[in-house]
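Contents: one structure, followed by commentary.
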Amino acid sequence: MSDTQDPPTDEPPADDQLTGEYDPADIESKWQDHWVAEDTYAYDGDSAEQSSADQSSGQSPRDDADTRFSIDTPPPTVSGNLHMGHLYQFTLQDFVARYHRMADDTVYFPFGYDDNGIASERLTERELDIRHQDFERREFQEKCREVCATYEDEFTEDVQSLAISVDWDNTYKTIAPEVQRVSQLSFLDLYEKGREYRQRAPTIWCPDCETAISQVEQEDEDKATKFNDIAFDLVADGDGPITWDETFTISTTRPELLPACVSVFVHPDDDENQHLVGGTARVPLFGQEVPIIADERVDMETGSGLVMCCTFGDQNDIEWYQAHDLDLRLAIDESATMTEVAGDYEGLSTTEAREAIIEDLDGEGYLLESRDHDHTVQVHERCGVEVEYLVTEQWYIEMLDKKDEYLEAGREMDWFPEKMFSRYQHWIEGLEWDWCISRQRDSGIPIPVWYCADCGEPVMAEKADLPVDPLSDDPPVDSCPECGHDELTPEEDVFDTWATSSLTPLVNAGWDWHADESADTADSVDAEAGEFTMDNPELYPFDLRPQGHDIISFWLFHTVVKCYEHTGEVPFENVMVNGMVLDENREAMSKSKGNVIPPSEVLENFPVDAARYWAAGTSIGDDFPYKEGDLEAGERLLQKLWNASRLVDQLTPATRPAEPEELSAVDRWLLAELDATVDSVTAKFEDYAFSKARNELRSFFWNTFCDDYLEIAKQRLSDGGDASTEYTLLTAHQTFLKLFAPFLPHITEELWDRLAYGAESDDGSIHTTDWPVAGGYEADLAAGETAMEVVSALRRYKTENGLPLNADVEHVEVYGHVDGFEAAIAEAMHVETLDTYEDAPDITTEVSGIDLDYSVVGPEFGSDVGAIDSGIESGDYEIDGERLVVADEFELGPDLFEVEETRTYSGEGEMTETERAVVVVR
RNA sequence: GGGUCCGUGGUCUAGUCGGUUAUGACGUGGCCUUUACAAGGCCGAGGUCGGUGGUUCGAAUCCGCCCGGACCCA
């Protein structure tokens, strides 16, 4: 904050009349700076404790989860620019945070920066023009932190400029040593709980990134390729006799895997090829002889119906390899280069080898046909390169054995929208791999383990020492505890970034391990005695996890798994899943399509509050398009709010008068409508139904308050003060400003401040006041509604007769129930004499039809409804007192129908009908 | 190939455990300088609820099929 900036609190209070138009540009940034400087959104972890210092209650409010609302925010990658998705997502979170800050005691709304990933590694290399390989890991991470810090500052400013009410004292960075400690503690804890293992097994491998990846990181991609029909020679009989020179055909898209071929499979139902089963085939060019085996997993529809199994071309190959105990022939190495198993082709890349092998197969007459083929391949989501399946040694978190438990954990959370649970469910149901958490990257959070150079026994770091880097730190023991060998080699691998990202609830709650101080720490046996604790246990489990639907399988699922294993509890009460922002043609915004709209461009043209109004405009979970028109609607609302507030300010005294003993009917009506709005909007906020809350609130403000009530109030107050009206105006105004505050934080704060409503909260901010509750006003709502209909009928009368709306009307007769509203109608519509009658007016009526209430008639008359309908249609009915008799056959009670009448008014003046009243202007 | 979700005036959207007249906003046509607001007020036009078949007295709503779209998993 600059010192030339006057703190808003120094501005002249009460008598400073609102003037002119609302100018968001200056006002919005003024408040953004103010909120940050004043820590308006600080998590008040201790306040409840202090306020209860009288010790009257036994339980510390700090432990009372009901008064605190905690949100586990998604840490964005800092190297990326702020995009509309961020704006949308942050704003939705902020609606929740602001609502609960007012409705509950205090809100924990932290902010994280995800800088522990490949993105920030690459950013650092680019910025500093260095290579991470040239540095020790810890040193390089130090540089990452420095480079990221600049970007984080920028990001922080961007987020603050959206008025996201984050507690800026509670931020974290995933690369920070504290977080690395949590990540490594998690690893050790899961290892001790027997949930982790290290295994040499087939792994999903990205040959471009040269690392193992997990199932969640691979995705589908359709690719065009060639299907090659290759002849295999038979060298031994199967179940049936073969002729001496018999061959069969294998169709494959991956001929470079021929050297890795270990068997051929036939479907048990494949009658044509059944005689081959049990026989032996020779692989062309490479010459290895492989068994021919029957297995149901063969897809008879693809290619020749015969398929080769290579170690490993796809996941099926792995299953066959394990099920039939096949040989292992690894023809491709970590960098997608052919190995010595590939003989002459050794050293070629897989793509080079594919071409060369096809050429040679063709040359030797083994290639029967090569045709175009479209198929789906698995690629690494980060780089788009086709994955391979390699046998490597990796660390895994066991998950497959607890699929049911994790599914149950998902069910324990409340999902908004509910349907998003099915994504979680399907992901778990389709899980086929345990979670591979080791990555062969140079940078990342190190796996804190060493291995005995002799027997391979893993030696875990000690919890008290974390974070460690085995590459530069010494192991906790001098020799192998298993065999006594004195050489220990450090683990070089690092964690999958999701292994850390999945710990955000624990990071936020201050999860840590503390040595048991009573234990003799000098004794190495007891050095591990201690316990896991949380600095802020009241936060956990978190009330809300907000996130996008695209990372339900990545972030949410892994977080549930990890936190559940560590704490035995599901980490979240509620999950709010937001959709994606699309462009105005409903297409995803992407750099490649060139349809990205940066928030900065939007905010140059529109106030932040208008952008927030737009963000509140859709059902949670739905993707939704960016439309400039919606922001214009928000902008108009701001102007209307400003102007209406200006009028309220002009009409009322500086301070709200005490509630009068007797409120007039109009005032009670407005306050009762306000009560209904408060209840309804509150319920919508509780359900994360922002769009409905927004629209209902807007409708109350614009239609009920401005169009109806304010028009009446200004006439009533034109003759002088009236405590009932003044009280009502100010009560309603303050209440709906609060209701608007989560959506429109700037303008509501400005009005709250300018109109000096601020005495209620310590810091004068509307955002720390209490959320409104209904006042329990009772009113004749029907009379109010009828009165509003009459007003609108009179407006219509004036419009249709070309009269200005403030034209005087001499005499109006109202036939209908408008008790208590007579004067209000007359004043608002400039009526000199207004007479009301409860009974029907002196008019001639003619029955023009019958209106059936089908919801009652249907169940009662069932299939006779058709006959009744046609009876009424043809006029074959009579009204017998209160009953309706149709076609001399069906008798309908008074609740089942309404008589439709055409009224003709023969008296003096003009008649207008509304739903509940008849209005005659004379 | 399997699954989930979705399709409502020109645009976005409410309504969806069935009840006949489908909500609102934006846009659009007309009228009104009304002393908070013309970025306003009032009045209109505009939809056979993707198509089709069925269940039912009655379907935007339930069921089948088809078309179109999004996403997830092979």
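- Residue contacts for A:Trp427: at a heavy-atom cut-off of 4.0 Å it reaches the sugar-phosphate backbone alone, with no base atom in range.
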**Request:** Please test A:Lys684 against A:Glu696 for salt bridge (Lys or Arg N to Asp or Glu O under 4.0 Å), starting from the C-alpha separation and ending with a verdict.
**Result:** CA-CA 10 Å; A:Lys684 303 291 186 287; A:Glu696 232 165 89; 3.8 Å; yes
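- Within a heavy-atom distance below 4.0 Å of RNA chain B, the residues of residues 860-870 of chain A found are A:Gly862, A:Ser863, A:Val865.
- Among the protein residues, A:Ser645 comes within range of no part of the nucleic acid, since none of its heavy atoms lies under 4.0 Å from any strand.
- Judged by distance alone, the side chains of A:Glu711 and A:Gln715 never bring a donor and an acceptor atom under 3.5 Å apart.
- Environment of CD in A:Glu429: crowded, with over 12 heavy atoms of neighbouring residues, nucleotides or ligands closer than 6.0 Å.
- For the pair A:Asn703 CG and B:U23 P, the computed distance is 15 Å after rounding to whole Å.
- Between B:C67 and B:G29, the two P atoms lie 40 Å apart (nearest whole Å).
- Checking B:C37, B:G15, B:U4 against every side-chain atom of A:Lys692, the shortest atom distance belongs to B:G15.
- Under the Watson-Crick or G-U wobble criterion, with both distances below 3.5 Å, B:C42 is paired with B:G30.
- Looking at the side chain of A:Cys706, the nearest of the listed nucleotides B:G40, B:A36, B:G3 is B:A36.
- Results of the side chain to side chain donor-acceptor pair (under 3.5 Å) test with A:Tyr709 over A:Asp667, A:Thr704, A:Asn703, A:Thr725 single out A:Asp667 as the only residue that passes.
- Contacts of A:Lys419 with the nucleic acid, taken as non-hydrogen atoms under 4.0 Å apart, involve only primed sugar atoms and P, OP1 or OP2.
- Going from the C1' atom of B:C5 to that of B:U16 covers 14 Å, rounded to whole Å.
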Could you pull out every donor-acceptor pair under 3.5 Å between side chains of residues 606-616 of chain A and any protein atom, sequence neighbours left out?
residue, atom, partner, partner atom, Å
A:Asp609, OD1, A:His746, N, 3.4
A:Asp609, OD1, A:His746, ND1, 2.8
A:Asp609, OD2, A:His746, N, 3.3
A:Asp609, OD2, A:Ile747, N, 3.0
A:Arg612, NE, A:Phe743, O, 3.0
A:Arg612, NH1, A:Asp94, OD2, 2.8
A:Arg612, NH1, A:Leu162, O, 3.2
A:Arg612, NH1, A:Ala163, O, 3.4
A:Arg612, NH2, A:Asp94, OD2, 2.7
A:Arg612, NH2, A:Pro742, O, 2.7
A:Tyr613, OH, A:Arg698, NE, 3.4

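- Contact annotation: the side chain of A:Phe557 approaches that of A:Leu431 to within less than 4.5 Å [non-hydrogen atoms, C-beta and beyond].
- What separates CE of A:Met580 from C1' of B:C72 is a distance of 13 Å, to the nearest Å.
- For A:Glu418, the CD atom sits in a loose shell: 12 or fewer heavy atoms of surrounding residues, nucleotides or ligands are nearer than 6.0 Å.
- A donor-acceptor contact under 3.5 Å is formed by the side chain of A:Lys640 with the base of B:C37.
- Pair check for B:G1 finds B:C73; Watson-Crick or G-U wobble, both atom distances under 3.5 Å.
- Side-chain polar atoms of A:Tyr727 and A:Asp722 form no donor-acceptor pair below 3.5 angstrom.
- Residues A:His733 and A:Leu729 have side chains not in contact (no heavy-atom distance under 4.5 Å, counting atoms from C-beta outward).
- Ring planes of A:Phe265 and A:Trp320: parallel class, angle under 30° (limits at 30 and 60°).
- Comparing B:A36 with B:C31, their C1' atoms are spaced 22 Å from each other, to the whole Å.
- Between B:G24 and B:A70, the two P atoms lie 32 Å apart (nearest whole Å).
- Summarising the local packing, CG of A:Asp888 is surrounded by 12 or fewer heavy atoms from other residues, nucleotides or ligands at distances under 6.0 Å.
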**Prompt:** Which is it for A:Lys419 and A:Asp622 under the salt bridge (Lys or Arg N to Asp or Glu O under 4.0 Å) test, yes or no, and what are the steps along the way?
**Reply:** CA-CA 11 Å; A:Lys419 64 185 178 188; A:Asp622 286 358; 3.7 Å; yes
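- Taking atom C1' on both B:U33 and B:G40, the two are 11 Å apart, rounded to the nearest angstrom.
- Rounded to whole Å, the distance from NE2 on A:His733 to P on B:A36 is 15 Å.
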Between protein and nucleotides 42-46 of chain B, what N or O pairs are separated by less than 3.5 Å?
residue, atom, partner, partner atom, Å
B:C42, O2', A:Thr799, OG1, 2.8

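- Base pairing of B:G68: its partner is B:C6, meeting the Watson-Crick or G-U wobble criterion (both donor-acceptor distances under 3.5 Å).
- Judged by closest nucleotide on RNA chain B, A:Ser855 is the one of A:Asp550 and A:Ser855 placed further toward the 5' end.
- Contact annotation for A:Glu418: no contact, since no heavy-atom pair falls under 4.0 Å across all strands.
- Between A:Arg698 and A:Gln378, the residue anchored nearer the 5' end of RNA chain B, judged by the nucleotide with its closest heavy atom, is A:Arg698.
- Here B:A36 presents its P atom at 14 Å from CZ of A:Phe705, a figure rounded to the nearest Å.
- Base pairing annotation: B:G18 forms no Watson-Crick or G-U wobble pair, as no partner gives both donor-acceptor distances under 3.5 Å.
- A sub-4.0 Å separation between OP1 or OP2 of B:C12 and a side-chain N or O of A:Thr618 is absent.
- Across all strands shown, B:C62 pairs with B:G54; the Watson-Crick or G-U wobble distances both stay below 3.5 Å.
- In this structure, A:Trp702 reaches the sugar-phosphate backbone alone: every heavy-atom distance under 4.0 Å involves primed, P, OP1 or OP2 atoms, never a base.
- When distances run from any side-chain atom of A:Ala633 to the nucleotides B:U4, B:C12, B:A25, the shortest one goes to B:A25.
- Between B:C37, B:A39, B:U11, one nucleotide has an atom nearer to the side chain of A:Arg646 than all others, and that is B:C37.
- Listed nucleotides: B:U20, B:A36, B:C71. Nearest to the side chain of A:Arg423: B:C71.
- Taking atom C1' in both B:C65 and B:U11, the straight-line distance is 31 Å, to the nearest Å.
- Heavy atoms of A:Lys714 sit under 4.0 angstrom from at least one base atom.
- Residue A:Phe557 contributes atom CZ, which lies 12 Å from atom P of B:C73 at whole-angstrom precision.
- Among the nucleotides B:C37, B:A14, B:A39, the one closest to any side-chain atom of A:Asn643 is B:C37.
- Of the nucleotides present, none pairs with B:C37 by Watson-Crick or G-U wobble criteria with both distances under 3.5 Å.
- Rounded to whole Å, atom C1' of B:U13 lies 11 Å from atom NZ of A:Lys627.
- For B:G50 and B:G68, the P atoms lie 16 Å apart once the distance is rounded to whole Å.
- Among the nucleotides B:A70, B:U11, B:A36, the one closest to the side chain of A:Asp623 is B:A70.
- Between A:Trp435 and A:His558, the angle of the ring planes stays under 30°, which puts this pair in the parallel group of the 30/60° scheme.
- Atom name C1', nucleotides B:C49 and B:A22: the rounded distance is 8 Å, in whole Å.
- Residue A:Arg694 places no side-chain N or O under 4.0 Å from the OP1 or OP2 atom of B:U13.
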